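Okay, so here's the structure we're looking at.
Everything numeric here is computed off the predicted structure, so don't read it as measured data. Note that these values count all heavy atoms, side chains included, but never hydrogens, waters or copies made by symmetry. In this chain, residues are counted from 1 in sequence order.
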Amino acid sequence: MPYLVLDLEMTGPEPDYNEIIQIGAEIYDDEWKFRGEFLSNVYPENEDAFSDHSEQIHGISIDDLEEAPMAYEVLEEFEKWLRKSLFLREQDSLKSIVICGQSIINDINFLSYAYKKEKMPWPFSFRMLELSSISHYAFMILENNGKKAPRSHSLANVAAYFGFEREGDTHNALEDARLTAKCFIALNDLAKKVVLR
């Protein structure tokens, strides 16, 4: 059961109007051993949906995307990268992969919409791990055992609890995927240490 830690940057919040402009991901095996990373910009077909607000968040301008590949090219490369990283053949299914991330349902919605728009079959199951939900329960267990834990479960706060932080001010998809993966690994290690009375 490999873990795909995924982060997307988009032109805005609506999957049926806005588009993915960057995909960042790390892939891990079932023991959370690193197997590879992926980063690609994506050219947005609907340039009108490109918002100043989203640009302030991710720092990617429309000019930065001028030479970027189209969505169908990136999705094909993404699947090839996954198969290569996991030593899978072209005909092997990707359905065993667990998609992981912070507010991951939003990224899954955008990714599945992109697949649908490009008339490509969805290759994954809908298994997922959501960082803020897992950290909510992990931190509640810690608090109930007399440990301090953050009240907010944003990526920045969860990361800071474990001593991690972003390198820059913008939300580069690969950097956020890396940071999210570090948090999942730290929570996995924490789960091994927790002893209930």
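Relative orientation of the Phe126 and Trp122 rings is parallel, given thresholds of 30° and 60° on the angle between their planes. Ring geometry for Trp81 versus Phe38: interplanar angle of 30 to 60°, hence tilted.
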*I would like to know whether Val74 and Ile20 meet side chain to side chain contact (heavy atoms under 4.5 Å, CB included); could you show each step before the answer?*
CA-CA 10 Å; Val74 177; Ile20 298 168; over 6 Å; no

*asked:* Run the salt bridge (charged side-chain N to carboxylate O under 4.0 Å, His left out) test on Arg151 and Glu143 for me, step by step, so that the C-alpha distance in whole Å, both residues' side-chain angles and the decisive distance to 0.1 Å come before the verdict.
replied: CA-CA 10 Å; Arg151 292 289 175 164; Glu143 284 184 337; 3.5 Å; yes

*Might you work through the side chain to side chain donor-acceptor pair (under 3.5 Å) test for Glu45 and Tyr43, ending with a clear yes or no?*
CA-CA 6 Å; Glu45 292 180 40; Tyr43 187 81; over 6 Å; no

*Between Ile27 and Phe34, is a side chain to side chain contact (heavy atoms under 4.5 Å, CB included) present by the stated rule, with each step listed?*
CA-CA 6 Å; Ile27 188 73; Phe34 177 77; over 6 Å; no

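Under the 4.5 Å side-chain contact rule for hydrophobic residues, Trp32 and Leu155 share a cluster. Cluster membership check: Phe87 does not share its hydrophobic cluster with Leu82, using side-chain heavy-atom separations under 4.5 Å among Ile, Leu, Val, Met, Phe, Trp and Tyr. With hydrophobic clusters built from ILVMFWY side chains whose heavy atoms lie under 4.5 angstrom apart, Tyr115 does not share a cluster with Tyr113. Connection of Leu111 to Tyr17 is not established within any shared hydrophobic cluster, with ILVMFWY side chains joined at heavy-atom distances below 4.5 Å, either directly or through further cluster members. Two different hydrophobic clusters hold Tyr137 and Val158 under the rule that ILVMFWY side chains link at heavy-atom gaps under 4.5 Å.
Counting heavy atoms from C-beta outward, Pro69 and Val42 have side chains that stay 4.5 Å or more apart. Ile108 has its side chain out of reach of Phe124: every pair of non-hydrogen atoms, C-beta onward, lies at least 4.5 Å apart. Contact check for Glu77 versus Ser40: no side-chain heavy atoms found under the 4.5 Å cut-off. Between Tyr72 and Met120 there is a side-chain heavy-atom pair separated by less than 4.5 Å. Side-chain contact check for Ile60 versus Glu55: every heavy-atom pair is 4.5 Å or farther apart. Contact of the Leu86 side chain with the Ile97 side chain is registered, since non-hydrogen atoms from C-beta on lie closer than 4.5 Å.
Sequence neighbours left out, the pairs with a member in residues 87-99 that pass salt bridge (charged side-chain N to carboxylate O under 4.0 Å, His left out) are Arg89-Asp92.
Checked against the 6.0 Å centroid threshold, Phe139 and Tyr161 count as a close aromatic pair.
Checking side-chain atoms of Asn145 against main-chain N and O of Ile141 turns up a donor-acceptor pair under 3.5 Å. Counting only distance, with no hydrogens or angles, the side chain of Arg83 and the backbone of Leu88 share no donor-acceptor pair below 3.5 Å. Counting only distance, with no hydrogens or angles, the side chain of Thr11 and the backbone of Asn18 share no donor-acceptor pair below 3.5 Å. A donor-acceptor pair is defined here as one N or O able to donate and one able to accept, closer than 3.5 Å; no such pair exists between the side chain of Asp7 and the backbone of Asp176. Between the Gln22 side chain and the Ala173 main chain, a donor and an acceptor come within less than 3.5 Å of each other. Judged by distance alone, the side chain of Asp64 and the main-chain N or O of Ser61 form a donor-acceptor pair under 3.5 Å. Using a distance-only test at 3.5 Å, with no hydrogens or angles considered, no donor-acceptor pair links the side chain of Glu175 to the main chain of Asn172.
A salt bridge between Glu37 and Arg178 is present, with a side-chain N of the basic residue lying under 4.0 Å from a carboxylate O of the acidic one.
Listed here is the closest heavy atom pair of Pro44 and Phe50: CG-CD1, 4.5 Å. Minimum heavy-atom separation, Ala177 to Gly24: CB-O, 3.9 Å. Here the shortest heavy-atom pairing between Phe78 and Ala25 reads CE1-CB, 3.9 Å. When all heavy atoms of Arg166 and Ala156 are compared, the pair lying nearest together is NH1-CB, 4.4 Å. Contact record, Ala181 with Glu26: CB-OE1, 3.7 Å, taken as the closest heavy-atom pair.
Between the CG atom of Leu174 and the CG atom of Leu179 there is a distance of 11.0 Å, given to the nearest 0.5 Å. Atom CD of Glu130 is separated from atom CE of Met128 by 8.5 Å, given to the nearest 0.5 angstrom. Within the model, atoms CG of Leu131 and CG of Leu187 stand 6.5 Å from one another, a figure rounded to the nearest 0.5 Å. Rounded to the nearest 0.5 angstrom, Met1 CE and Tyr3 OH are separated by 3.5 Å. Distance check, rounded to the nearest 0.5 Å: CG of Leu6 to CG of Asp107 gives 5.0 Å. Interatomic distance, CE of Met70 versus CG of Leu75, reported as 11.5 Å (0.5 Å rounding).
Between Asn41 and the options Leu65, Ile21, Ile23, a side chain to side chain contact (heavy atoms under 4.5 Å, CB included) holds for only Leu65.
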Identify every side-chain donor-acceptor pair in residues 98-106 under 3.5 Å, counting partners at least two apart or on other chains, and give the distances.
| from | atom 1 | to | atom 2 | distance (Å) |
| --- | --- | --- | --- | --- |
| Gln102 | OE1 | Ser132 | N | 3.1 |
| Gln102 | NE2 | His153 | O | 2.9 |

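More than 12 non-hydrogen atoms from other residues, nucleotides or ligands lie less than 6.0 angstrom from NZ of Lys117.
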